[in-house]
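The block underneath contains the structure these notes are about, expressed in structure tokens.
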Amino acid sequence: MLLPLTPADLSRVRFVVSPWWETVAAVGAIIRETPLHRSWARRTLRAMREDAAAPAQWDQLRAFILRSGLIADTLTPAAETDETIAVARARVAEQDLALWTDDLVMLRERAERPASIAVLDAFEADPAAGVRRILDALEWFWTAAVQPAWGRIHALQIADIEHRTRLISHGGLDEMLRTLHPQVTRTDEGLDIAGKCCELGNGLRGQGLILVPCVFAWPGTLVLNRPPFMPTLTYAPRGVGALWERRDDSEESALSQLMGATRANVLRQLDVPMTTTHLAAQLTVAPATASEHLRVLTGAGLLRSFRRGREVYYQRTALGDGVAAPEVLSLSAH
């Protein structure tokens with residue numbers, strides 16, 4: 001599939017963090033039994049079995065998000081800035097109900113479960129109520145499955161955006177686009193995306209391109225390229241392979257003996273970037289305590305800081321990775 005990019009589009013490329021896209025993709029990861037996310041999926045499915053609301057909510061999700069990879073485009077309109085789940089839900093709910101028509105035709109033709117036909121019938125009988133039901137189901141799944149892991153997922157997204165922003169500053173926009181994903185090839189006309197086809201025509205020209213790092217998109221990409229939505233490419237961020245990696249938080253570890261248990265845990269956590277507030281919550285310590293450890297580790301050259309918007313993030317440097325590496329290597333033996 002060719003995603004055409006005009007000079008005007010290239011001047012408006014931007015990154016967006018979207019918990020809504022992440023939640024939609026997470027449903028797909030469970031449906032397709034994506035190996036990378038297997039441990040997370042098992043925990044999620046166990047929790048769902050204990051939730052009386054799960055069967056009805058899952059029927060809603062499975063009607064609009066298919067194993068084949070088809071997702072209702074109207075469920076994921078492009079966001080132009082970072083947004084919360086509540087803001088994304090409101091934006092989807094405010095769309096013209098007529099936009100769902102093309103989606104419903106394809107979803108009905110490719111429905112994978114008898115329950116999906118019943119869900120689509122109910123949607124067509126009362127579209128406004130149908131939109132509320134699918135949005136309720138996505139918000140339920142966010143709360144049950146994605147929000148508990150959001151801190152680390154968000155950290156990977158921020159790290160990826162910071163890396164790609166540096167690529168742009170060093171090698172230009174083409175360098176960033178060429179290295180975005182193995183399935184994405186930069187061409188003179190735009191981006192050639194392997195394994196995708198465009199069934200509803202090209203998206204808006206000259207409005208830009210939204211890039212959304214999304215851990216549950218792994219190992220492929222998700223593309224929105226249909227008017228009136230802004231062209232959007234969702235891809236797996238760097239480092240996603242270590243997302244569910246266990247950590248050795250033992251007070252008896254060599255790193256803990258060297259610098260103290262709390263400071264060692266700070267260094268371990270910061271293989272992905274975190275703010276002071278996020279780190280404090282992760283380690284269950286006061287923000288002032290986290291701030292002091294960050295100051296010391298940064299002064300020692302083990303961490304670096306960078307800003308995104310109003311937030312300051314901290315992440316390990318190459319030296320910090322080297323200090324923490326023995327701890328990581330010890331885990332791989334178990």
Side-chain angles (χ1 to χ4, degrees), residues 1-6 9 16 18 20-28 31-32 57-80 83 88-139 141 190-212 214 216-217 220-235:
M1 167 188 158
L2 178 66
L3 187 62
L5 296 175
T6 67
D9 290 318
V16 168
S18 175
W20 190 264
W21 269 93
E22 200 69 76
T23 302
V24 171
V27 175
I31 295 169
R32 291 187 291 277
Q57 303 286 32
W58 190 246
D59 283 346
Q60 288 289 325
L61 296 170
R62 287 290 279 109
F64 291 85
I65 304 167
L66 308 190
R67 181 185 295 273
S68 65
L70 178 65
I71 298 172
D73 288 338
T74 319
L75 201 56
T76 54
E80 297 190 33
E83 60 185 7
R89 175 183 175 133
R91 193 165 50 78
V92 176
E94 289 168 0
Q95 295 179 111
D96 186 341
L97 290 174
L99 289 173
W100 292 89
T101 302
D102 287 330
D103 283 332
L104 291 173
V105 170
M106 285 201 302
L107 291 168
R108 185 177 290 280
E109 289 175 349
R110 304 185 187 186
E112 297 167 341
R113 308 162 76 235
S116 296
I117 297 297
V119 168
L120 298 175
D121 286 342
F123 190 104
E124 291 182 340
D126 187 346
V131 171
R132 287 195 297 273
R133 284 191 293 271
I134 182 58
L135 299 189
D136 285 345
L138 268 170
E139 196 161 0
F141 192 75
L191 298 177
D192 186 32
I193 304 169
K196 301 290 182 184
C197 63
C198 187
E199 302 184 39
L200 292 175
N202 290 326
L204 298 175
R205 296 289 190 94
Q207 299 300 305
L209 173 66
I210 305 296
L211 298 174
V212 183
C214 176
F216 289 109
T221 59
L222 301 172
V223 181
L224 176 63
N225 190 36
R226 163 191 166 190
F229 308 119
M230 189 172 299
T232 302
L233 175 59
T234 301
Y235 64 94

Side-chain heavy-atom pair V24, L138 within 4.5 angstrom cut-off
yes
Give, for atom CD of E139 and atom CD of Q57, the distance between the pair rounded to the nearest 0.5 Å.
10.0 Å
Evaluate the side-chain contact (heavy atoms from CB on, under 4.5 Å) criterion for residues L120 and L104: first the C-alpha distance (whole Å), next the side-chain angles of each, then the deciding distance (0.1 Å), finally the verdict.
CA-CA 7 Å; L120 298 175; L104 291 173; 3.8 Å; yes
Heavy-atom pair with the smallest gap, counting every atom of G28 and I65
N-CG2, 4.1 Å
Exercise: identify the closest heavy-atom pair between N225 and L2
ND2-O, 4.5 Å
Nearest heavy-atom neighbours spanning A25 and C214:
CB-SG, 3.5 Å
Residues which pass side-chain hydrogen bond (donor to acceptor under 3.5 Å, both in side chains) with Q60, listed by chain and number, not counting sequence neighbours:
none
Listed by chain and number, what are the salt bridge (charged side-chain N to carboxylate O under 4.0 Å, His left out) partners of R62, not counting sequence neighbours?
E112
Side-chain heavy atoms of W58 within contact of V27, under 4.5 Å
yes
How about V16 and W21: do any of their side-chain heavy atoms sit closer than 4.5 Å?
no
Could you tell me which residues satisfy salt bridge (charged side-chain N to carboxylate O under 4.0 Å, His left out) with R91, sequence neighbours excluded, listed by chain and number?
E83
Side chain to side chain contact (heavy atoms under 4.5 Å, CB included) with L135: which residues, sequence neighbours excluded?
W20, L75, R89, V92, A93, V131
Sorted by chain and number, sequence neighbours left out, side-chain hydrogen bond (donor to acceptor under 3.5 Å, both in side chains) with T23 holds for none
May I ask you to decide if F216's main-chain N or O and E22's side chain share a donor-acceptor pair within less than 3.5 Å?
yes
Quick one: list whatever passes salt bridge (charged side-chain N to carboxylate O under 4.0 Å, His left out) with D126, sequence neighbours left out.
none
D9 (side chain) donor-acceptor with L209 (main chain) under 3.5 angstrom:
no
Do the non-hydrogen side-chain atoms of R226 and D103 ever get within less than 4.5 Å of each other?
yes
Say whether, by atom type as modelled, one donor and one acceptor occur between the side chain of T6 and the main chain of P4 under 3.5 angstrom.
no
Assess the residue pair I134 and L61 against the criterion (side-chain contact (heavy atoms from CB on, under 4.5 Å)); give the C-alpha distance rounded to whole Å, side-chain angles, the decisive distance to 0.1 Å, and a yes or no.
CA-CA 7 Å; I134 182 58; L61 296 170; 4.1 Å; yes
Just to verify, what does F123 make a ring pair (Phe, Tyr, Trp, His ring centres under 6.0 Å) with, not counting sequence neighbours?
F64, W100
If you measure from CG on L99 to CG on D73, what distance do you get to the nearest 0.5 Å?
10.0 Å
What's the shortest heavy-atom distance between L224 and A78, and which atoms?
CD2-N, 3.7 Å
Sequence neighbours excluded, the answer for salt bridge (charged side-chain N to carboxylate O under 4.0 Å, His left out) partners of D192 is none
Return each pair, listed once, that meets salt bridge (charged side-chain N to carboxylate O under 4.0 Å, His left out) where at least one residue sits in residues 114-125; pairs must be two or more places apart or across chains.
R108-D121, R108-E124
Any donor and acceptor pair, going by atom type alone, linking the side chain of S116 with main-chain N or O of A111 inside 3.5 Å?
no
Return the minimal non-hydrogen interatomic distance between E80 and I210, and the atom names on each side.
CA-CD1, 4.3 Å
Within this structure, what is the OG1-CD1 distance for the pair T221 and I193, rounded to the nearest 0.5 Å?
5.5 Å
Shortest non-hydrogen contact between A128 and L97, atoms and distance
N-CD1, 4.2 Å
For R113, check side-chain hydrogen bond (donor to acceptor under 3.5 Å, both in side chains) against everything at least two apart and list the hits.
D59
About how many Å separate CG of L70 and CE of M106, when rounded to the nearest 0.5 Å?
5.0 Å
